Amino acid sequence: MSVGRAARLLLLLLAGSGLEPCAADRCSWKGSGLSWEPRSRTVEQVHLRCTEGSLEWLYPARALRVVLEPNLSSTRHTTVCIKPASDFQGASIYVERAGQLHLVVSEAEEARLRHVSCFSAHTPQRVALFLQASPQRDISRRTASFQYELLSNQSAAGPDLQKMALVEAMCRPCDNMELLMAICSSDFVVRGSIRNVSHDPENHMSQVEVSGQKVYRQKNRIFRQDEATGEWRGPIKTLLRCKVKKGAGDFLFTGNEHFGEAWLGCAPRFKDFNSIYQTAREQGTNPCEFQFS
């Protein structure tokens with residue numbers, strides 16, 4: 001069946017049925033198509049109220065409407081990114097735009113399932129996704145699951161993770177104010193050195209292996225401490241075109257996390273950052289306090 005025909009059929013299904021709300025927590029939802037009334041034409045509806053979370057739909061049946069509606073109404077989230085699970089199967093994902101459904105993730109396109117898909121949100125405070133279950137001949141277990149993130153940077157809109165990485169990887173040295181802001185707002189701030197750099201030309205990505213002396217902040221446990229040596233280690237991703245190379249020295253790594261991975265933002269040499277911060281502090285222009293100890 002063509003994508004266009006599938007989208008039209010899904011619209012007809014939605015038009016001819018009611019919407020039934022499902023129970024969901026603030027960020028994530030897990031449910032099963034086996035618990036639904038087989039003859040019902042009702043389309044189940046889920047509301048997720050966070051800027052990031054996950055959904056797991058076991059034994060997909062008929063259609064599921066997922067409304068991403070974060071409570072942070074003052075923030076305009078202009079980009080939505082979806083990362084399907086490695087074993088995603090049993091459904092396809094569409095996004096609603098101006099009454100039309102556009103395919104985002106197709107079960108039939110295995111290569112597409114391995115990547116993050118990002119797209120612009122035409123209505124920043126409310127994004128509607130539709131999951132259409134694929135026809136099944138048996139009762140074998142299938143799970144359509146994915147993680148989602150809402151971003152407030154429109155430049156991230158695009159078909160894959162590379163575009164989302166542009167939010168973090170500027171591929172140029174940060175200026176003094178960007179450095180000072182980075183320590184205030186980044187998901188992780190780590191002092192350390194570069195152990196190794198590996199490149200993935202196929203996906204246009206690079207990975208920096210960091211050996212850390214001090215972890216000042218991290219959102220999740222990406223950087224882990226070796227109990228024997230006390231050393232912190234963890235990977236940081238960036239774009240291949242940033243041409244990151246292994247080099248000696250002590251750096252302050254900053255950036256944000258997406259789908260459980262650290263993405264590089266500003267990474268000045270630690271002595272340079274120290275000088276910039278102390279000057280700003282003396283002048284009273286530092287946007288936040290930073291504890292070096």
Side-chain angles (χ1 to χ4, degrees), residues 79 149 151-156 161-201 203-293:
T79 301
E149 285 192 16
L151 307 176
S152 57
N153 190 319
Q154 194 168 10
S155 67
L161 188 60
Q162 297 175 42
K163 298 298 177 65
M164 187 180 72
L166 290 173
V167 177
E168 319 303 338
M170 294 180 287
C171 296
R172 61 169 176 79
C174 296
D175 62 31
N176 290 359
M177 183 51 66
E178 287 170 338
L179 292 178
L180 293 170
M181 289 301 299
I183 63 167
C184 303
S185 59
S186 294
D187 289 337
F188 65 88
V189 180
V190 179
R191 179 183 179 180
S193 57
I194 299 175
R195 294 178 58 238
N196 188 43
V197 178
S198 57
H199 304 292
D200 180 2
N203 293 308
H204 307 285
M205 299 291 170
S206 295
Q207 180 165 294
V208 181
E209 297 292 340
V210 171
S211 176
Q213 303 175 29
K214 175 77 172 179
V215 174
Y216 297 98
R217 182 192 313 132
Q218 63 172 327
K219 185 177 178 181
N220 295 303
R221 295 193 59 188
I222 292 176
F223 300 92
R224 297 177 178 269
Q225 190 173 31
D226 186 294
E227 294 182 358
T229 64
E231 184 180 65
W232 293 85
R233 292 188 177 184
I236 302 177
K237 293 184 179 294
T238 189
L239 297 180
L240 182 65
R241 68 178 179 85
C242 292
K243 299 180 180 179
V244 176
K245 298 179 180 179
K246 182 179 179 181
D250 196 15
F251 296 87
L252 188 69
F253 299 97
T254 69
N256 288 320
E257 298 178 19
H258 296 295
F259 302 112
E261 296 178 327
W263 287 89
L264 186 63
C266 298
R269 291 190 178 275
F270 188 80
K271 63 180 180 63
D272 295 336
F273 167 75
N274 190 10
S275 175
I276 293 168
Y277 177 79
Q278 295 303 339
T279 299
R281 197 165 188 272
E282 291 171 3
Q283 297 175 348
T285 58
N286 55 311
C288 68
E289 291 292 325
F290 182 73
Q291 301 295 329
F292 283 86
S293 58

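Just so you know, these numbers come straight off a predicted model, no measurement behind them.
Side-chain atoms of Asp226 come within 3.5 Å of backbone N or O of Ala228 as a donor-acceptor pair. A donor-acceptor pair under 3.5 Å is absent between the side-chain atoms of Ser206 and the main chain of Thr238, judged by distance alone. Of the possible donor and acceptor atoms, none in the side chain of Glu282 sits under 3.5 Å from a partner among the backbone N and O of Thr279. A donor-acceptor pair under 3.5 Å is absent between the side-chain atoms of Glu178 and the main chain of Cys266, judged by distance alone.
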What do the steps show when you test Lys214 against Phe270 for side-chain contact (heavy atoms from CB on, under 4.5 Å), and what is the final call? CA-CA 12 Å; Lys214 175 77 172 179; Phe270 188 80; over 6 Å; no
CA sep, side-chain torsions, deciding dist, call: Trp232, Val190, side-chain contact (heavy atoms from CB on, under 4.5 Å): CA-CA 9 Å; Trp232 293 85; Val190 179; 5.6 Å; no
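One finds the NZ atom of Lys237 at 10.5 Å from the CD1 atom of Ile222 (value rounded to the nearest 0.5 Å). Taking OG1 of Thr254 as the reference point, atom CD1 of Ile236 lies at 8.5 Å (rounded to 0.5 Å).
The side-chain contact (heavy atoms from CB on, under 4.5 Å) search around Arg233 returns Arg195, Glu231, not counting sequence neighbours. Residues meeting the side-chain contact (heavy atoms from CB on, under 4.5 Å) test with Asp272, sequence neighbours left out: Arg269. Residues passing the side-chain contact (heavy atoms from CB on, under 4.5 Å) test with Ser193 are Ser211, sequence neighbours excluded. Evaluation of the side-chain contact (heavy atoms from CB on, under 4.5 Å) rule for Ser198 yields Gln207 as partners, not counting sequence neighbours. Partners of Phe290 according to the ring pair (Phe, Tyr, Trp, His ring centres under 6.0 Å) rule, which considers only residues two or more places apart in sequence or in another chain, are Tyr216, Phe273, Phe292. Residues passing the salt bridge (charged side-chain N to carboxylate O under 4.0 Å, His left out) test with Arg281, sequence neighbours excluded: Glu289. Lys243 is linked by a side chain to side chain donor-acceptor pair (under 3.5 Å) to nothing, counting only residues two or more places apart in sequence or in another chain. Residues passing the side chain to side chain donor-acceptor pair (under 3.5 Å) test with Asn176, sequence neighbours excluded: none.
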Result block: side-chain N/O donor-acceptor pairs under 3.5 angstrom for residues 179-189, not counting sequence neighbours:
| from | atom 1 | to | atom 2 | distance (Å) |
| --- | --- | --- | --- | --- |
| Ser185 | OG | Met181 | O | 3.0 |
| Ser186 | OG | Ala182 | O | 2.6 |
| Asp187 | OD2 | Glu257 | N | 2.8 |

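Contact detail for Asn220 and Gln218: the closest heavy-atom pair is O-OE1, 2.6 Å. Between Ala267 and Phe253, the closest heavy-atom pair is CB-CD2, 4.0 Å.
Applying the side-chain hydrogen bond (donor to acceptor under 3.5 Å, both in side chains) test to every pair with at least one member in residues 244-253, sequence neighbours left out, gives these pairs: Arg191-Asp250, Gln213-Asp250.
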